[in-house]
Structure formats: C-alpha cells, structure tokens
Number of protein chains: 2
Amino acid sequence: MHRSHPRTKFRSGCPLNASVEILGDRWSLLIIRDMMLRGLRSYTQFLDSYEHIATNILAHRLKKLEAYGIIATHQDPLDGRKLIYTLTQKGMDLAPILTEMVLWAAAHEDTQNPELIRQIKKDKQKFIAAVRQKWVENSSHTD
Amino acid sequence: MHRSHPRTKFRSGCPLNASVEILGDRWSLLIIRDMMLRGLRSYTQFLDSYEHIATNILAHRLKKLEAYGIIATHQDPLDGRKLIYTLTQKGMDLAPILTEMVLWAAAHEDTQNPELIRQIKKDKQKFIAAVRQKWVENSSHTD
DNA sequence: TCTTTTCACTTGCAATTAACAAGTGATCTG
DNA sequence: CAGATCACTTGTTAATTGCAAGTGAAAAGA
C-alpha cells in the first residue's frame with residue numbers, strides 16, 4: 001500500500017476529467033463530507049453513516065482516496081486497533097466543490113438539512129473558512 | 001420517456017448525497033462540460049469527444065440527464081434525423097460545480113488546458129457569467 | 001430514383017464493479 | 001480469560017460498464 005499515486009493515466013488531460021475520474025463515483029464525496037463536515041475519523045463511523053456504504057466498498061474507497069493523497073491514515077496512539085483517517089490539504093481543498101454541490105441540490109431537488117444550506121447561503125466564503133479552521137485545529141497534519 | 005423525475009428516492013436527504021446520486025458517475029459531468037464549455041449539442045458530437053464514451057452509455061446518460069431536468073431534447077427543424085440537446089436552467093446552474101472541479105484538479109493533478117484555468121483563476125464569477133451569457137444567447141429555452 | 005451515408009440509437013455479450021453476507025485476526029474491556 | 005470491538009477480507013450474486021455489431025429513419029449524392 002501507500003502508493004503515492006495510482007499507476008493509470010487519465011483518459012484525457014482535461015482537468016474536469018481528472019476530477020471526475022478521482023471523485024466520480026457514488027461514495028467518495030460522501031466519505032469526504034463525513035470527514036469535513038461531521039468530523040468522522042474511523043472506519044466504523046463511516047460504516048454507520050446515513051447512506052450505509054458496504055464494508056468492502058468503504059475499504060476500497062479509503063485506499064483510493066489515500067492513494068490520491070486526499071486522506072491520510074494514522075494509528076490511534078491510545079488504541080492499537082483503531083486507525084484515524086484525516087483529510088490532507090488536498091482533501092480540504094475539496095470544500096468549495098462540496099459547497100457548490102450542496103447549493104445546487106438544495107436549489108433543484110427536495111433535500112433536508114436547511115440549517116446547513118442557510119449557513120452556506122448566508123456567507124459561502126465564511127462557511128468554507130470555518131470548515132478549514134476546524135480542520136487546522138483538530139488535525140495532526142504530518143502529511 | 002420524458003419522465004419528469006426518476007421514480008427512486010435518494011438514499012438520504014442530504015443535499016450532497018442528492019448531487020452525488022445524480023452526477024456521481026464517470027460520464028455525466030463530461031457530457032455537461034461538452035455542452036457548457038464546448039457548445040456541443042448532438043449525439044455524434046458527444047461520441048467523438050475526447051474521452052470516447054461508449055454509445056450505449058451515452059444513450060443512458062442522456063436519458064438520465066433529461067429525466068432529472070438537466071438537459072432538454074429538441075428536433076432539429078432543418079434535419080429530421082438530428083436531435084439537439086441543450087442545457088436547461090438547472091443544467092446551467094452546474095457551472096459553479098464544474099468550475100470548482102476544474103480549479104481543484106488544476107491545483108493538485110497534472111492537467112492540460114492552461115488557458116481555461118488562467119481564465120477561471122483571473123475572475124471566477126466573470127467566467128461563469130460569460131458561460132451563462134453564451135447559453136442565453138444560443139439556446140431556445142422553451143423549458 | 002436508387003444507392004450510400006449520416007443520424008440516433010438498440011442489442012448482445014464479456015468484463016468490471018457494486019452490494020450483500022459472513023468470517024478473520026488483532027486488540028481492548030470487564 | 002471471555003466477550004466485544006476494530007478494521008478489515010473473502011466469498012457470492014446482482015448490477016453496471018464497455019465493446020462490437022446491427023437497425024431503421026432520414027438525408028445526400030450519383
């Protein structure tokens with residue numbers, strides 16, 4: 001493991017295509033949401049999240065996200081069984097994408113969490129800054 | 001066809017989850033990019049695009065995007081064989097998401113199209129406004 | 001007019017990926 | 001030291017994707 005980068009090249013050089021190849025599936029962004037907005041950090045926490053990802057898919061996605069440098073894995077110093085997953089800087093830089101995706105769905109689909117939407121609409125940049133600040137405070141970013 | 005909405009409900013009420021369920025695959029956003037940034041409007045044009053989508057997948061994606069109200073389909077008045085695919089307002093509202101995805105990949109992956117990236121970085125809002133203006137001018141939005 | 005080409009697909013099949021259920025080994029807790 | 005918890009792995013089945021070929025309607029060319 002701990003490949004710094006996957007071996008396959010992208011289908012094209014288009015930056016949007018790169019994003020789609022890295023993030024374009026039904027689970028990756030939800031794992032990142034759980035880390036970024038809900039502060040989740042462990043395998044079982046992700047398993048127990050709203051949408052109920054299958055355990056083998058979760059394992060694969062965590063490996064992929066780590067391979068792309070979006071998350072980092074550390075051992076819990078207090079519990080030898082536990083692993084702690086954290087967002088890297090690259091992972092935190094996904095905040096604007098998640099934010100825009102929340103706004104789009106809130107505007108065009110029937111969704112919940114009006115408080116989150118209200119907060120983002122009120123001041124988008126402030127929201128992103130607050131999320132980033134929380135990450136700076138909580139993380140041991142040795143990555 | 002022409003269902004106004006797919007019958008299945010989302011896995012959760014989270015707005016990000018809705019976006020992921022609608023857009024989270026390896027092709028949808030690329031079709032939207034081709035329409036939004038490259039002005040493509042027909043089936044064969046999408047087939048011939050950079051990443052070479054398979055024809056059956058393209059047909060499925062177009063149906064899905066239409067079912068979600070992201071694109072609209074019209075007959076070409078000058079050619080009975082041709083169908084013209086256009087973005088709806090809901091589809092145009094994806095511009096900020098695409099823009100942020102381009103910026104993220106440009107910052108963290110090895111990508112091409114530096115001119116596009118320069119333009120977006122220079123003034124993001126102006127870029128989005130220009131894309132939207134082009135759509136207003138070119139589209140027959142009877143949707 | 002009649003053949004060929006273009007257009008938007010569909011169909012069939014193989015390969016890949018996702019989802020579900022159960023199990024594993026290391027570690028911790030009571 | 002028994003049972004629970006942790007982060008997974010290992011089957012197996014279902015669904016999706018990708019590839020190649022084909023189809024029917026409409027247009028263009030000879």
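Values in this document were obtained by computation on a predicted structure and should not be read as measured data. The sequence lines fix the lettering, A, B, ..., with proteins before strands; numbering per chain opens at 1.
Annotation: side chain of A:L23 is in contact with side chain of A:I32 (closest heavy-atom distance under 4.5 Å). Annotation: side chain of B:M35 is not in contact with side chain of B:W135 (no heavy-atom distance under 4.5 Å).
Geometrically, B:R38 engages B:Y50 in a cation-pi contact, judged by NZ or CZ lying under 6.0 Å from the ring centre and within 45° of the ring axis.
A heavy-atom distance below 4.0 Å to DNA chain C is reached by these residues of residues 75-83 of chain B, ordered by number: B:R81, B:K82, B:L83. Residues of residues 21-37 of chain A having a heavy atom closer than 4.0 Å to DNA chain C, listed by number: A:W27.
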Sub-3.5 Å pairs of nitrogen or oxygen atoms, protein against nucleotides 11-15 of chain C:
none

Output a table of nitrogen or oxygen pairs between the protein and nucleotides 14-16 of chain D separated by less than 3.5 Å.
none

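To the nearest angstrom, C1' of D:dC19 lies 18 Å from CD of B:E51. In this entry the distance linking CG of B:L58 with P of D:dC19 reads 14 Å, nearest Å.
Checked for salt-bridge contact, A:K90 and B:E109 meet the test: a charged N lies under 4.0 Å from a carboxylate O. Remark: A:K63 does not engage A:E66 in a salt bridge, criterion side-chain N to carboxylate O under 4.0 Å.
Contact annotation: B:K63 side-chain N/O to C:dT10 OP1/OP2 distance is under 4.0 Å.
Listed by first then second residue, pairs satisfying side chain to side chain donor-acceptor pair (under 3.5 Å) with a partner in residues 95-107 of chain B read B:E100-B:K124, not counting sequence neighbours. Within the structure, every pair that satisfies the salt bridge (Lys or Arg N to Asp or Glu O under 4.0 Å) test and touches residues 52-61 of chain A, not counting sequence neighbours, is listed here: A:D25-A:R61.
Comparing C:dA19, D:dA7, C:dA8 against the side chain of A:S42 picks out D:dA7 as the nearest. The side chain of B:Y43 sits closest to C:dT10 out of C:dT10, D:dC6, D:dG18.
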Worked verdict on A:L30 versus A:I53 for side-chain contact (heavy atoms from CB on, under 4.5 Å): CA-CA 10 Å; A:L30 296 182; A:I53 186 171; over 6 Å; no
Going through the checks in order, is the side-chain contact (heavy atoms from CB on, under 4.5 Å) test met by B:I70 and B:I22? CA-CA 10 Å; B:I70 292 167; B:I22 296 168; 3.7 Å; yes
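When each of A:T44 and A:R11 is assigned the nucleotide of DNA chain D bearing its nearest heavy atom, the one mapping closer to the 5' terminus is A:T44. Mapping B:I84 and A:I53 onto DNA chain C via the closest heavy atom, the residue that lands nearer the 5' end is B:I84.
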